[in-house]
Amino acid sequence: MSDVVVSFEDLSKSFAGMAAPALAALTGEIRRGCITGLVGPDGAGKTTLLRLIAGLLVPTSGRLSTLGRDPVHEATAIHRELGYMPQKFGLYEDLSVLENLTLHADLRNVTGKERRDTFERLLAFTDLQRFTGRFAGKLSGGMKQKLGLACALLGKPRLLLLDEPGVGVDPISRKELRHMVDRLVDDGIAVVWSTAYLEEAELCGTTLVLNEGQLIFSGSPQAMTAPLAGRCWHLKNPAGSKRRLLAQALSHPSISDGTIQGHHLRLTFRANAIAQFAEDLANGGGGGQDARATVARTSCPPPFFLSSPTAPPAGPGAAPAILWAPVEPRFEDAFIDRMGGGPSGDSVLAQHVPIIPNDRKIVIEAHQLTKKFGDFTATDAVTFQVRRGEIYGLLGPNGAGKSTTFKMMCGLLTPSAGRATVVGLDLRHSGGRARQKLGYMAQKFSLYGNLSVRRNLEFFSGIYGLTGTQRRNKTATMAAIFHLEPFLDAKTDSLSLGFKQRLALACAVMHEPDILFLDEPTSGVDPVTRREFWSHINGLVERGVTVMVTTHFMDEAEYCDRIGLVYRGKLIAEGTPDQLKNLAVATTSITADAEPTMEDAFIALIQGTDEHPE
């Protein structure tokens, strides 16, 4: 049997009304024996390719073979040997776990003893035996994905297509899902894993990278990252505001990408800039006038003359030395570089927001905050404080209680006990006044899909009290800032995920709020758009806005000044990203030599709580 299960040559797909093809002259193949990552930003053509492979769409031109068959003329035969897990959770939320499995078994003609044996095997495989009677809509994000995988595996498929299975799923659930898929590959099933999250792609055996319908890379993740060797660096312990320094770095022509990682900046240099930078490091370009002279003759960004690559601490009790350290390139670094680099660190949005004096006062506070739904305690005596000008991250696995906590802090849920205050106003008694001070961006983008972009902007500006000329001006300003002018009269449902995110953020900041609540704001969004989003957030915080955010992506958690980790309704840890990493080293089996990531710390602290419950 051939290892090649899918092959395509000059494959194209166009849709009526679209100026450019969704896919343009793709050539490649998919093999058994490894996970093939189908990688690209929102709108790159990933879902279109999966649907063509599955025989759900007809190609405009080119050749395509799936499992040795023509998916146009032999779609029925292909469907018997193919499992497809769609992006939009193709299950019935008002049916139970067992009822969903039964429906999919009926559709695949899996009956009798084969059905009983298959259900038993899949329920054990996905650890869903205890939840067969629960409605699918009541499952956590991770459990929904496991159920979707189980339904896709009915009938013992030879080829499994997974369309962004990690969206909205916490790191622990993503890891479990990954292990399950690895076992399927070991059993001989060919797997295609579509994703916009490049840490997922890094774990694939091979990748097909799409952008705007074109195949821009095909090969292993290691081959993708190889050209970036020596170009990725940590700037450790920089003085002053990391957010401001990152914005300056990203605006410099020698830097193609950058992010915050705890106390450090992670920066990727452009290929034509790194040679001079390495030479300057080798010559020990340190601080003071010598460093200023070095900056004058090199492409190293101006703020970095404060940084010495080798300088030791000044003495006992002194601040840690600022230094440069090379780091291994990641798949995400390589992807951003191939896209021509990330967005500038400047935020046009922030320039239109008035500066709020940062008095460091407590502006968000939860005190013994508790929420019960019948006998179930979703949030259990949670206490934390957030000061003006901070980014506070509320993290936790699916079903941990963070969204419930978040909604109480926004005044969308009434606490069963305890107190939630915003700018000194108790949300239980002064929710209306408090909400005028805050902006809220919901997890599912609380936009009206059947209204145009313009109508959504006008509606939300009206909610926040803007009228007349002020309302018209603000709508026009937001449309310009977020590049929404071409879509003003388009229905919101027709927008790509990235533009929906821009519109949702625009609606949340129309009234220039002091405080911004962001509930998983970048779920499913590609890396370039996520960087643009965080440039806006960093810019707003530099002007005194306070941000509270939930996210399942730990690279975003690194942007937070402090993090509260919620599990089983309780706040189990709190501190800066680096403090939580150090806590994981001190209390779990992680070693400091391993330089744990935020994701490592998240998983270790959650699992440590399970191993040592109070």
Side-chain angles (χ1 to χ4, degrees), residues 169-175 178 197-200 202-203 232-239 241-243 245-246 258-268 313 318-333 384-387 390-397 400 402 522 530 534 537-538 541 547-568 570-612:
V169 179
D170 66 78
I172 293 176
S173 297
R174 287 204 304 272
K175 189 175 181 180
R178 182 60 190 230
Y197 295 126
L198 301 188
E199 61 269 30
E200 291 182 349
E202 199 156 20
L203 300 174
C232 299
W233 292 76
H234 267 166
L235 176 58
K236 296 194 170 186
N237 305 310
S241 167
K242 298 189 297 291
R243 284 185 279 268
L245 186 57
L246 176 63
T259 59
I260 292 173
Q261 285 193 336
H263 290 318
H264 317 313
L265 298 188
R266 180 189 179 94
L267 300 172
T268 300
I322 301 170
L323 54 87
W324 288 97
V327 291
E328 288 294 317
R330 305 172 303 186
F331 193 88
E332 185 163 310
D333 301 323
F384 60 83
Q385 297 175 332
V386 184
R387 295 187 180 276
E390 272 192 311
I391 302 179
Y392 188 89
L394 199 62
L395 307 186
K402 64 183 185 302
T522 60
R530 287 166 65 199
W534 279 99
I537 298 308
N538 289 335
V541 172
V547 174
M548 189 168 171
V549 62
T550 71
T551 180
H552 282 317
F553 292 92
M554 298 299 104
D555 58 337
E556 292 188 350
E558 298 275 14
Y559 286 96
C560 298
D561 296 295
R562 290 186 303 122
I563 291 169
L565 184 56
V566 178
Y567 185 46
R568 293 181 175 174
K570 294 182 178 293
L571 189 69
I572 64 169
E574 188 179 34
T576 68
D578 286 342
Q579 285 173 340
L580 293 190
K581 294 173 196 173
N582 293 337
L583 179 62
V585 169
T587 60
T588 72
S589 59
I590 291 182
T591 63
D593 293 341
E595 296 189 7
T597 64
M598 192 62 225
E599 183 158 318
D600 295 331
F602 177 99
I603 293 172
L605 290 171
I606 295 296
Q607 292 177 341
T609 301
D610 282 335
E611 293 167 5
H612 305 287

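Heads up: numbering here begins at 1 and tracks the sequence.
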- Y392: which of R387, R562, E574 passes side chain to side chain donor-acceptor pair (under 3.5 Å): E574
- Short N-O contact, R330 and E202, less than 4.0 angstrom: no
- Residues forming a salt bridge (charged side-chain N to carboxylate O under 4.0 Å, His left out) with R266, sequence neighbours excluded: D333
- Query: If every non-hydrogen atom of L580 is compared with every non-hydrogen atom of G575, which pair is closest and at what distance?
  - Reply: CD2-N, 4.0 Å
- In short, R243 meets I391 closest at the heavy-atom pair NH1-CD1, 3.6 Å
- Validation row: M598, I563 side chains within 4.5 angstrom (heavy atoms): yes
- Electrostatic pair D555-R530, nearest N-O below 4.0 angstrom: yes
- Task: Would you check if the side chain of D170 reaches a backbone N or O of H552 as a donor-acceptor pair within less than 3.5 Å?
- Result: no
- Can E558 and T259 be counted as having a side-chain donor-acceptor contact under 3.5 angstrom? no
- Task: Please examine the side chains of L267 and L246, heavy atoms only from C-beta on, and report whether any two atoms are closer than 4.5 Å.
- Result: yes
- Query: Rounded to the nearest 0.5 Å, how far apart are NE2 of H263 and CG of L235?
  - Reply: 13.5 Å
- Walk me through it: do D578 and K581 pass the test side chain to side chain contact (heavy atoms under 4.5 Å, CB included)? CA-CA 5 Å; D578 286 342; K581 294 173 196 173; 3.4 Å; yes
- Rounding to 0.5 Å, atoms NZ (K236) and CH2 (W324) come to a distance of 12.5 Å
- Task: State the CG-CG distance between D600 and L605, to the nearest 0.5 angstrom.
- Result: 10.5 Å
- Side chains of L395 and T550: does their closest heavy-atom pair fall under 4.5 Å? no
- Task: Carefully, step by step, assess F331 and E200 under the rule side chain to side chain contact (heavy atoms under 4.5 Å, CB included).
- Result: CA-CA 9 Å; F331 193 88; E200 291 182 349; over 6 Å; no
- Query: For Y559, what residues pass the ring-ring contact (aromatic ring centres under 6.0 Å, His included) criterion, not counting sequence neighbours?
  - Reply: W534
- Task: Take D561 and V386, measure what side chain to side chain contact (heavy atoms under 4.5 Å, CB included) needs, and give me the verdict at the end.
- Result: CA-CA 10 Å; D561 296 295; V386 184; over 6 Å; no
- Taking every non-hydrogen atom, the tightest pair across T551 and A557: CG2-N, 4.3 Å
- Item | Derivation of the side chain to side chain contact (heavy atoms under 4.5 Å, CB included) call for T609 and K570 | CA-CA 11 Å; T609 301; K570 294 182 178 293; over 6 Å; no
- Note on the structure: Shortest non-hydrogen pair, L583 vs T587, comes out as O-OG1, 2.7 Å
- Message: For M548 versus L394, what's the shortest heavy-atom pair and its separation?
- Response: CE-CD2, 3.9 Å
- Task: Write down the atom of A604, the atom of A584, and the distance for their closest heavy-atom approach.
- Result: CB-CB, 4.3 Å
- Any residue meeting ring-ring contact (aromatic ring centres under 6.0 Å, His included) with F602, in chain and number order, not counting sequence neighbours: none
